[in-house]
Amino acid sequence: MLRQGETLTEFVETTVRNAIAFRRVQTAFQARAQAASEEYHRTGVSVPVETALQGLQSKLDAKRTKLRR
């Protein structure tokens, strides 16, 4: 469904650009995950789940605080 004033060409271009950006994010995530896995297998050292979740919660809280301003 096209927005008012939007052409099919614009829609397709936007869709392709968004797909490319999403794939870049996916690729970067997979690369970080692979590197973390390799580091774990090399050293046997990992981050406890609780620590990882606390870090993620802190990032989420900070972003929410920033968006409320």
Side-chain angles (χ1 to χ4, degrees):
M1 175 178 211
L2 296 176
R3 293 182 179 145
Q4 189 168 345
E6 182 179 42
T7 66
L8 182 58
T9 301
E10 291 169 331
F11 174 78
V12 170
E13 179 184 358
T14 299
T15 301
V16 170
R17 288 182 187 275
N18 289 340
I20 289 169
F22 180 75
R23 288 186 181 177
R24 284 185 179 143
V25 169
Q26 274 186 317
T27 300
F29 176 81
Q30 289 169 344
R32 289 191 312 273
Q34 182 66 35
S37 176
E38 290 171 3
E39 180 70 9
Y40 169 73
H41 288 289
R42 187 178 68 75
T43 65
V45 176
S46 66
V47 176
V49 172
E50 296 80 15
T51 302
L53 290 176
Q54 286 172 354
L56 290 171
Q57 188 65 54
S58 294
K59 287 182 180 184
L60 179 60
D61 293 343
K63 185 58 110 176
R64 284 180 174 158
T65 300
K66 183 179 179 181
L67 290 173
R68 284 188 201 129
R69 290 182 191 170

Considering all heavy atoms, the nearest Leu2-Thr7 contact:
CD2-O, 3.9 Å
Minimum heavy-atom separation for Glu6 to Met1, with atom names?
OE1-O, 4.5 Å
Name each donor-acceptor pair under 3.5 Å that joins a side chain in residues 41-49 to protein atoms two or more places apart or in another chain, with its distance.
{"from": "Arg42", "atom 1": "NE", "to": "Glu39", "atom 2": "OE1", "distance (Å)": "3.4"}
{"from": "Arg42", "atom 1": "NH2", "to": "Glu39", "atom 2": "OE1", "distance (Å)": "3.0"}
{"from": "Arg42", "atom 1": "NH2", "to": "Glu39", "atom 2": "OE2", "distance (Å)": "2.9"}
{"from": "Thr43", "atom 1": "OG1", "to": "Glu39", "atom 2": "O", "distance (Å)": "2.8"}
{"from": "Thr43", "atom 1": "OG1", "to": "Val45", "atom 2": "N", "distance (Å)": "3.1"}

Please list, chain by chain and in numerical order, all residues satisfying side chain to side chain donor-acceptor pair (under 3.5 Å) with [X], sequence neighbours excluded.
X     : result
Glu50 : none
Gln26 : none
Arg17 : Glu13

A side-chain contact here means heavy atoms from C-beta on lying under 4.5 Å apart; do Leu56 and Leu60 qualify?
no
Let me check something: any side-chain donor-acceptor pairs from residues 61-69 under 3.5 Å, sequence neighbours excluded? List them with distances.
{"from": "Asp61", "atom 1": "OD1", "to": "Gln57", "atom 2": "NE2", "distance (Å)": "2.9"}
{"from": "Thr65", "atom 1": "OG1", "to": "Asp61", "atom 2": "O", "distance (Å)": "2.9"}

Sequence neighbours excluded and cut-off under 3.5 Å, please list the side-chain donor-acceptor pairs for residues 27-37, or say none.
{"from": "Thr27", "atom 1": "OG1", "to": "Arg23", "atom 2": "O", "distance (Å)": "2.8"}
{"from": "Gln34", "atom 1": "NE2", "to": "Glu38", "atom 2": "OE2", "distance (Å)": "2.9"}

